[in-house]
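Inspection log for the structure reproduced underneath, given as structure tokens.
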Amino acid sequence: MTERAEQGGPETASPSRSGARQASPGRVRLKRAGLLLLRTFGSLAVTFLGLLIITFLIGRVLPIDPVLAAVGDRAPADVYDRVYHEMGLHLPLYQQFFDYVVKIFQGDFGTSVLTSRPVLDDIVRVFPATLELATIATILGVLLGVPMGVLAAVHRGRWPDHCVRVLGLFGYSLPVFWLGLVGLLLFYMKLDWVGGPGRLDAAMEDFFEPVTGLILVDALLQGDMEVFWNAVSHITLPAALLAYFSLAYIARMTRSFMLEQLAQEYVLTARVKGVSEARVIWRHALGNVMVPLITVIALSYAHLLEGSVLTETVFAWPGLGSYITSSLLNADMNAVLGGTIIVGGVFIGINLLSDLLYRLFDPRARR
Amino acid sequence: MRNYLAGAALGTVLAMTPYGLALADTPKDTLVMAFAIDDIISLDPGEAFEISTGEYTGNTYDRLVAFDIKDVSKLRGTLAESWTVSDDALTYTFKMRKGVKFVSGNPVTAEDAAFSLQRAVILNKSPAFILTQFGLTPDNVKDKVKAVDAETLVFQVDKPYAPSFVLNCLTATVASVVDKVEVLKHEKNGDLGNEWLKTNYAGSGAYALRQWKPGESLSLVANENYWGEKPKLKRVLIRQVKESASQQLLLEKGDVDIARNLEADQLKTAKGNANLHLVSAPKGTVWYVGLNQKNQYLQKPEVRKALKYLVDYDGIANVIMAGRATKHQTFLPNGFLGASNETPYSLDVAKAKDLLKQAGLENGFKATIDTRNVTMTTQIAQSLQSTFAQAGVQLEIIPGDGKQVLTKYRARNHDITMFQWGADYQDPHTNAETFASNPDNSDEGKVKTLAWRNAWDIPDLTKTTAANLMERDAAKRAAVYQDLQKTILENSPFIIMFQETEVAVARKNVKNLVLGPSFDTNLYAGVSKD
Amino acid sequence: MNKPMTGTATAPQGLRGWLRTDTPQSRFQARMGRLWFGWLTFRRNRLAMLGLSIVLLLCAVALFAPLLAPYNPVQGVLNDRLQAGSAAHWFGTDNMGRDILSRLIYGARYTLMVVVLVAITAAPIGLLVGTVAGYFGGWVDTALMRVTDIFLAFPKLILALAFVAALGPGLENAVLAIALTSWPPYARLARAETLTVRKADYIAAARLQGLSHARLIVGHIMPMCTSSLIVRVTLDMAGIILTAAGLGFLGLGAQPPLPEWGAMISEGRQFLLNQWWVATVPGLAIFVVSLGFNLLGDGLRDVLDPRAGGNG
């Protein structure tokens with residue numbers, strides 16, 4: 001909720017893990033996976049429909065006149081009435097909803113009132129900004145968070161543990177918008193280490209022709225190092241902030257998984273056999289927690305992909321979060337619904353993936 | 001500052017990104033601006049009707065006529081070289097300027113001008129009323145607006161309106177001339193190219209559209225074919241930045257040349273900065289408080305008047321708005337034909353109490369005020385709250401998002417509301433019509449003028465306002481507007497408080513930045529950089 | 001780790017002895033005894049104690065705000081606007097000339113109010129949904145969990161924004177919106193706990209005695225879920241504070257002139273460059289209080305729910 005990963009464990013990770021299952025090699029496993037998929041897709045459809053209904057209802061109870069966003073305050077009555085009909089607002093609610101869902105299945109997300117463009121085009125345009133930020137933040141978060149978590153577990157109760165713990169708690173306690181403002185003031189304004197708000201310097205942005213929309217990737221593809229470094233300087237601060245929040249979560253979870261592993265007998269056995277301590281920790285123990293860890297990382301990634309409204313606001317970052325927010329405040333319901341479907345889809349998809357991974361490969365889940 | 005805590009945490013992350021980047025100034029041939037442009041919905045001049053789009057259209061399209069930004073009562077021909085008005089004031093004939101080309105290379109002809117006006121009427125989007133009020137309809141417009149030959153355009157109106165009124169309306173952005181050939185190339189399902197023009201460009205102005213990325217930026221490039229004085233800078237880049245704090249940072253660092261939406265206190269800071277300078281211009285926008293006449297207290301004339309004595313006009317203008325507005329109490333902004341400068345009201349609690357007593361409300365009453373939840377409006381509402389309270393009027397502030405407050409206002413569900421009204425075109429009728437006319441005060445009333453929104457039933461004023469449109473003698477016309485302003489000042493449920501001043505802050509090296517009296521006359525063509 | 005208290009050689013007397021006895025005379029005594037040992041464990045955790053002190057301090061400040069605040073938090077002196085810290089105004093003044101310290105002190109009330117209101121609305125909703133789903137299983141479970149999933153799949157801040165936009169900006173509505181968006185994880189947690197006890201013998205026994213479903217859920221299942229729920233809610237409190245502040249920052253939470261900390265940052269950000277304290281001080285306040293709740297939650301987890309965090 002605060003633009004960082006939920007503190008939950010993997011228990012928030014989606015569909016239920018109840019139900020009996022037996023150990024089952026080969027074909028049985030495949031068959032089971034198939035059934036599982038079928039069932040999951042069934043419940044997925046229900047979830048999506050629920051998402052749509054709720055978003056739709058919210059849109060209709062908003063005390064904002066959607067026609068107003070389209071025609072403005074000064075439009076004469078006949079213009080207003082025409083647009084009102086064009087938007088289908090004279091139809092009963094269920095019919096509006098039905099029409100909308102039918103269109104979705106035809107791949108038509110409608111047109112955004114605010115940008116006069118198809119919602120899908122808009123999302124294709126804004127999503128890469130969020131994707132780029134979330135990906136870099138997650139990479140940073142994993143690169144730092146996992147080793148920190150391991151160190152904390154190994155040195156449990158001693159200073160590295162305490163440091164990691166305090167650092168993590170700070171991450172859970174800082175308001176991101178405030179840290180962003182202070183960060184801009186310090187690192188951009190005073191120290192000049194990073195670029196300012198936006199994805200590129202304003203003057204550079206105009207010449208840059210996006211291909212994938214991921215500026216870092218595009219710049220490398222086009223071999224334009226000036227743009228690349230400029231983009232790096234702009235993304236550093238917001239990505240570092242988000243990375244900090246996901247780092248706190250990843251480190252905490254890594255530590256707790258590692259503690260569990262280090263208490264296992266095989267660790268003792270390995271040590272007795274004379275396997276080096278580093279190998280025991282980084283290969284054996286860490287290797288065994290990889291699956292649940294991936295679930296955790298995926299969850300935190302999914303949360304970042306929702307687009308962090310606050311970070312995007314502070315850094316003038318044209319991502320999904322600010323797109324949905326501004327659409328919402330203008331009752332631009334096609335855009336809000338489209339955005340919610342994408343976000344919900346990404347979230348459910350990532351959860352599903354990590355869940356399947358978990359069920360199929362984690363020995364404990366099969367037990 | 002205690003942010004070394006955060007600094008330490010970030011430092012660990014930053015240490016991993018090995019680079020040091022000296023940030024360069026903006027390019028010499030480009031004007032870079034930080035501006036909240038998220039109100040842009042469509043770039044089609046026949047449809048666009050927002051503040052930012054006004055500025056865009058003003059810079060990229062030409063109209064037949066334009067007013068002088070130093071004296072708005074003076075009109076000059078732009079795409080039209082000259083014009084005549086028939087004796088019965090029903091027919092206007094324009095002679096087109098020769099040798100003018102669109103950015104596409106096509107010549108600008110009377111045919112294009114006729115098409116553009118017809119198109120706006122047929123599309124019938126939000127701003128179309130500026131043209132349709134002359135009796136033009138989608139059915140008759142092709143007869144009423146015609147190109148006689150490549151250089152002559154005939155424009156017929158249904159009643160003998162004051163010519164100044166008609167011509168002033170033709171300076172509005174909805175009357176912009178678009179490239180007929182280019183637009184029709186992109187027509188789809190008989191939409192007259194609307195879908196295409198929403199995000200594209202076909203004009204003849206000083207600048208041409210390069211690209212619009214909604215929510216990100218709008219960039220313009222100098223039009224090589226421009227008929228007038230060529231723009232000094234090759235490009236203009238407008239960066240969408242919503243946060244005023246971010247705009248300030250970008251400006252102070254020199255990453256942008258101009259910041260357009262700084263708050264009052266930031267302007268003060270900017271004034272003290274030797275690298276910056278402020279450019280300001282009074283705009284045709286007034287700030288007012290509307291009192292809903294459906295409310296049992298507010299409908300009493302004494303109460304309406306009492307509340308006008310309960311506003312700290314000077315305090316708000318000087319401290320809260322600080323340079324962003326001047327005290328102004330009549331409905332016509334300075335610079336408009338017939339505008340009156342009278343400011344009879346000031347904070348006078350004793351007088352207000354007296355008036356309330358006459359209304360039988362010596363103990364005051366309770367009311368709510370709806371305001372948009374942006375910094376300045378909220379602060380003004382708080383000031384009203386405290387001064388109203390001095391006479392026993394308890395004001396509850398209900399803040400809301402802009403569109404939300406407007407929705408409620410248009411449904412007449414408010415007690416008191418505070419809003420701005422910006423002139424739709426450079427003629428006094430735009431404001432007279434909204435403040436002093438209300439053809440149908442029923443809840444079903446189709447014409448939602450401000451008088452209607454506050455349920456103020458004024459049949460006589462409505463007639464006067466309509467009749468004055470036909471007054472062809474400018475002096476007489478002005479005199480009637482002065483009377484109207486007096487009446488509104490006395491009796492209306494409008495507490496008109498301020499006229500807005502637009503302030504832009506620019507880096508020292510930006511020269512000749514001039515803001516016009518309307519949003520579509522904030523022109524970039526003359527701006528240069530050292 | 002606890003030293004086992006066997007109560008043999010030196011059986012202490014008085015209240016302490018009553019608490020420490022290993023042969024409690026009543027259920028009440030047993031519970032109190034367990035709490036006492038919990039407290040002893042908790043007390044050894046210095047960080048948790050720090051967290052507890054911060055939270056208690058917050059409560060005290062909120063309670064005694066009128067006594068502590070040197071100035072009126074909403075009425076300022078315009079001539080004294082934007083002053084830096086001084087003897088008269090420790091943390092300076094804001095753009096309306098109001099004393100920032102006084103606003104911080106009164107702001108504690110709103111922070112506390114948000115936290116308490118969300119906790120007492122979201123946690124019971126989650127508890128009810130989770131236990132009912134877990135207890136009955138079958139289609140009830142499926143239906144309730146689908147609803148939970150739907151809410152989980154929503155981007156939370158956006159859902160909260162939508163609710164606030166629908167209800168109108170304001171602190172009460174912000175609280176409601178946060179509550180509406182934060183119950184699903186509690187429901188999942190409660191369901192998981194319920195599943196572990198549902199098949200237990202004592203539940204079956206109670207059922208045989210003819211206890212109704214409702215009484216079983218309320219009387220026997222819900223209590224089993226509370227300790228982990230309390231831990232979870234405490235850990236979430238920081239998140240709740242940050243979300244409320246975030247809504248305030250976006251202009252949709254508490255409205256001026258209320259001295260809510262998030263709204264104070266929002267108002268202060270335009271002075272960031274020259275009067276940094278206006279936005280920085282409330283930011284630090286949010287940080288300290290959130291940290292307090294996090295430390296407290298961490299400590300509570302070690303005591304009440306040692307499995308969850310894997311902390312020793």
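Every chain is numbered from 1 and lettered A, B, ... according to where its sequence line falls, protein lines coming before strand lines. All of these numbers come straight from a predicted model, not from anything done at the bench.
- We find the CG-OG distance between B:Asp39 and A:Ser326 to be 11.5 Å, quoted to the nearest 0.5 Å.
- Heavy-atom minimum distance, A:Arg125 versus B:Pro214: NH2-O, 3.1 Å.
- When the candidates B:Glu252, B:Gln211, B:Arg235, B:Glu243 are compared by the number of heavy-atom contacts under 4.5 Å with chain A, B:Arg235 comes out ahead.
- Using modelled atom types, no side-chain atom of B:Lys253 and backbone atom of A:Gly196 make a donor-acceptor pair closer than 3.5 Å.
- Using a 4.5 Å cut-off between heavy atoms, B:Leu249 touches chain A through backbone and side chain atoms alike.
- In this structure, chain A has a heavy atom under 4.5 Å from the side chain of B:Glu195, while its backbone stays farther away.
- A donor-acceptor contact shorter than 3.5 Å links the side chain of A:Arg82 to the backbone of B:Asn124.
- If you measure heavy-atom distances from A:Arg117 to chain B, the contacts under 4.5 Å come from the side chain alone.
- Ranked by heavy-atom pairs under 4.5 Å with chain B, the list A:Val71, A:Leu68, A:Asp65 is led by A:Leu68.
- Top candidate by heavy-atom pairs under 4.5 Å with chain A, chosen from B:Arg239, B:Glu216, B:Lys446, is B:Arg239.
- The candidate with the highest count of non-hydrogen atom pairs below 4.5 Å against chain B, out of A:Ser116, A:Ala75, A:Ser322, is A:Ser116.
- No side-chain N or O of A:Asp73 forms a donor-acceptor pair with one of B:Tyr409 less than 3.5 Å apart.
- Taken to the nearest 0.5 Å, the CZ atom of B:Arg410 stands 6.0 Å off from the OH atom of A:Tyr80.
- Of all the listed residues (A:Thr313, A:Leu184, A:Val79, A:Asp122), the one sharing the greatest number of non-hydrogen pairs under 4.5 Å with chain B is A:Val79.
- Note on B:Val447, B:Leu406, B:Thr434: by heavy-atom pairs under 4.5 Å with chain A, the leading option is B:Leu406.
- Ranking B:Val32, B:Leu250, B:Val241, B:Thr30 against chain A, the residue ahead of the rest is B:Leu250, based on heavy-atom pairs under 4.5 Å.
- If you measure heavy-atom distances from B:Gln404 to chain A, the contacts under 4.5 Å come from both the backbone and the side chain.
- Neither the backbone nor the side chain of A:Tyr323 comes within contact range of chain B; no heavy atom of the residue lies under 4.5 Å from a heavy atom of that chain.
- Heavy atoms closer than 4.5 Å to chain B are found in the backbone of A:Val314, but not in its side chain.
- Of all heavy-atom pairs spanning B:Trp212 and A:Thr115, the tightest one is CH2-O, 3.7 Å.
- In A:Glu226, the CD atom is not crowded: 12 or fewer heavy atoms of neighbouring residues, nucleotides or ligands sit closer than 6.0 Å.
- Among the candidates A:Val113, A:Leu114, A:Asp81, A:Asp78, the residue making the largest number of heavy-atom pairs closer than 4.5 Å to chain B is A:Leu114.
- Residue contact with chain A, scored on non-hydrogen atoms closer than 4.5 Å, involves the backbone and the side chain of B:Ser42 alike.
- The greatest number of non-hydrogen atom pairs below 4.5 Å with chain A, out of B:Ser246, B:Ala411, B:Gly215, is found for B:Ser246.
- For B:Lys125, the parts sitting under 4.5 Å from any heavy atom of chain A are the backbone and the side chain alike.
- With a 4.5 angstrom heavy-atom cutoff, B:Ile40 touches chain A only via backbone atoms.
- For A:Ile235, no part sits under 4.5 Å from any heavy atom of chain B, backbone or side chain.
- Residue contact with chain A, scored on non-hydrogen atoms closer than 4.5 Å, is absent for B:Leu31.
- The number of heavy-atom neighbours closer than 6.0 Å to NZ of B:Lys213, taken from other residues, nucleotides and ligands shown, is above 12.
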